[in-house]
Amino acid sequence: MKHIILFFGLTAFAVSPHQAFAESTFEKIKIEAGETLFFSECRRCHAPDSTDPSYGPALDNIVGRVAGKVEGYEYSEALAGSGIVWTPAALRAWMEDNDGFMPGTKMRHVGIVDRTVQDFILAYLGSLPSQ
Ligand code: HEC
């Protein structure tokens, strides 16, 4: 019995650091890809940092935030009154068809339907520090 426990203990030790490394490397790659996509698809209207004024609201700390909460930003009535929380699922629906998801929004239509592209952008948004 002791040997079995020892065996599993060693196996866990031998496997997990490698897996943790692979996962964190993969996450880093996703964030970097997301940053590139953010700069091509979103950056012309959104800053990743609320100290940098842009046409759209800044998106730092957006994952998990209640919609319409960037102070001083003039949201559409639709968005300001929506009361939705920007969960990953809501952000996916938004990237896919924002004006279908929320009729009356003033964000011009974006149609990012590719789940992998959404994944990357989500990874990047999730990595942004709150200001
Ligand atoms: C052409 C300009 C433009 C582009 C491109 C754009 N947005 Fe927006 N976005 C806006 C505007 C304007 C608003 C405010 C909408 C409103 O008040 O109805 C907004 C709002 C948002 C919000 C809600 C923020 C909040 O504080 O509740 C999210 C999330 C968002 N955009 C994500 C994105 C992402 C992700 C991309 C890229 C895939 C993107 N947007 C591309 C202009 C843009």
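Please read all numbers here as calculations on a predicted model, not as lab measurements. For this chain, numbers begin at 1 and follow the sequence in order. In listed order, ligands and their atoms are each counted from 1.
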>> I need the nearest protein heavy-atom contact for atom 35 (C) of ligand 1: residue, atom name and distance, please.
In response: C42 SG, 3.7 Å
>> What I want to know is whether R108 and ligand 1 share at least one N or O pair that is separated by under 3.5 angstrom.
In response: no
> Would you say ligand 1 has an N or O under 3.5 Å from any N or O of E41?
Replying inline: no
> Taking all non-hydrogen atoms of both residues, which atom of A47 and which atom of F38 are closest, and how far apart?
Replying inline: C-CZ, 4.3 Å
>> Distance under 4.0 Å to a non-hydrogen atom of Y55: what atoms of ligand 1 satisfy this?
In response: 12 (C)
>> Using a plain distance cutoff, I'd like to know if Y75 has any nitrogen or oxygen under 3.5 Å from a nitrogen or oxygen of ligand 1.
In response: yes
> What residue and heavy atom of the protein are closest to atom 11 (C) of ligand 1, and at what distance?
Replying inline: M107 CB, 3.7 Å
> Does any non-hydrogen side-chain atom of R92 lie less than 4.5 Å from one of D119?
Replying inline: yes
> Hey, is ligand 1 close enough to K106 that some N/O pair sits below 3.5 Å?
Replying inline: yes
>> I need the nearest protein heavy-atom contact for atom 29 (C) of ligand 1: residue, atom name and distance, please.
In response: L91 CD2, 3.5 Å
> Which atoms of ligand 1 sit under 4.0 Å from any heavy atom of G68?
Replying inline: 25 (C), 26 (O), 27 (O)
> So, do I84 and M102 sit near enough that their side-chain heavy atoms are less than 4.5 Å apart?
Replying inline: yes
>> Considering both backbone and side-chain atoms of S76, is one of its nitrogen or oxygen atoms within less than 3.5 Å of a nitrogen or oxygen in ligand 1?
In response: yes
>> Under a 3.5 Å distance rule, please check whether N98 uses its side chain to pair with a backbone N or O of M107 as donor and acceptor.
In response: yes
> If hydrogens are left out, which of P57, G111, G56 has an atom nearest to atom 24 (C) of ligand 1, that is, the closest non-hydrogen atom?
Replying inline: P57
> So do the side chains of I112 and E41 get within less than 4.5 Å of each other, counting heavy atoms only?
Replying inline: yes
> So do the side chains of N61 and V63 get within less than 4.5 Å of each other, counting heavy atoms only?
Replying inline: no
>> To check your reading of the model: name the closest protein heavy atom to atom 30 (C) of ligand 1, its residue, and the distance in Å.
In response: W94 NE1, 3.0 Å
>> Could you tell me, atom by atom, which parts of ligand 1 come under 4.0 Å of a heavy atom of A67?
In response: 27 (O)
> For the residue pair E27 and A123, what are the closest heavy atoms and their distance?
Replying inline: OE2-CB, 3.9 Å
> Can you tell which of I121, L122, L128 makes a side chain to side chain contact (heavy atoms under 4.5 Å, CB included) with Y124?
Replying inline: L128
>> I'd like to check which ligand 1 atoms, numbered from 1 as shown, lie under 4.0 Å from a non-hydrogen atom of C45.
In response: 1 (C), 2 (C), 3 (C), 4 (C), 5 (C), 42 (C), 43 (C)
>> Show me which atoms of ligand 1 lie under 4.0 Å from any heavy atom of L79.
In response: 15 (C), 16 (C), 17 (O), 18 (O), 23 (C), 27 (O)
> For ligand 1, is there an N or O atom under 3.5 Å from any N or O atom of T105?
Replying inline: yes
>> Show the atoms of ligand 1 that are less than 4.0 angstrom away from any heavy atom in I112.
In response: 38 (C)
>> Is the ring pair F101/W94 parallel, tilted or perpendicular, if the boundaries are 30 and 60 degrees?
In response: perpendicular
> Looking at Q118 and M95, what are the two nearest heavy atoms and their distance?
Replying inline: O-CE, 3.9 Å
> Backbone, side chain, both or neither: what part of N98 comes under 4.0 angstrom of ligand 1, heavy atoms only?
Replying inline: neither
> Are the side chain of Y75 and the backbone of K106 linked by a donor-acceptor contact shorter than 3.5 Å?
Replying inline: no
> Does any N or O in the side chain of R43 come within less than 3.5 Å of the main-chain N or O of P48, such that one atom is a donor and the other an acceptor?
Replying inline: no
>> I'd like to know if Y73 contacts ligand 1, where contact means a heavy-atom distance under 4.0 Å to any ligand atom.
In response: yes
> Taking non-hydrogen atoms only, is L37 closer than 4.0 angstrom to ligand 1 via side chain, backbone, both or neither?
Replying inline: neither
>> On a heavy-atom basis, I'd like to know which of H46, E74, M102, R65 is closest to atom 7 (N) of ligand 1.
In response: H46
>> Please give me the minimum heavy-atom distance between V85 and G64, naming the atom from each residue.
In response: CG1-O, 3.5 Å
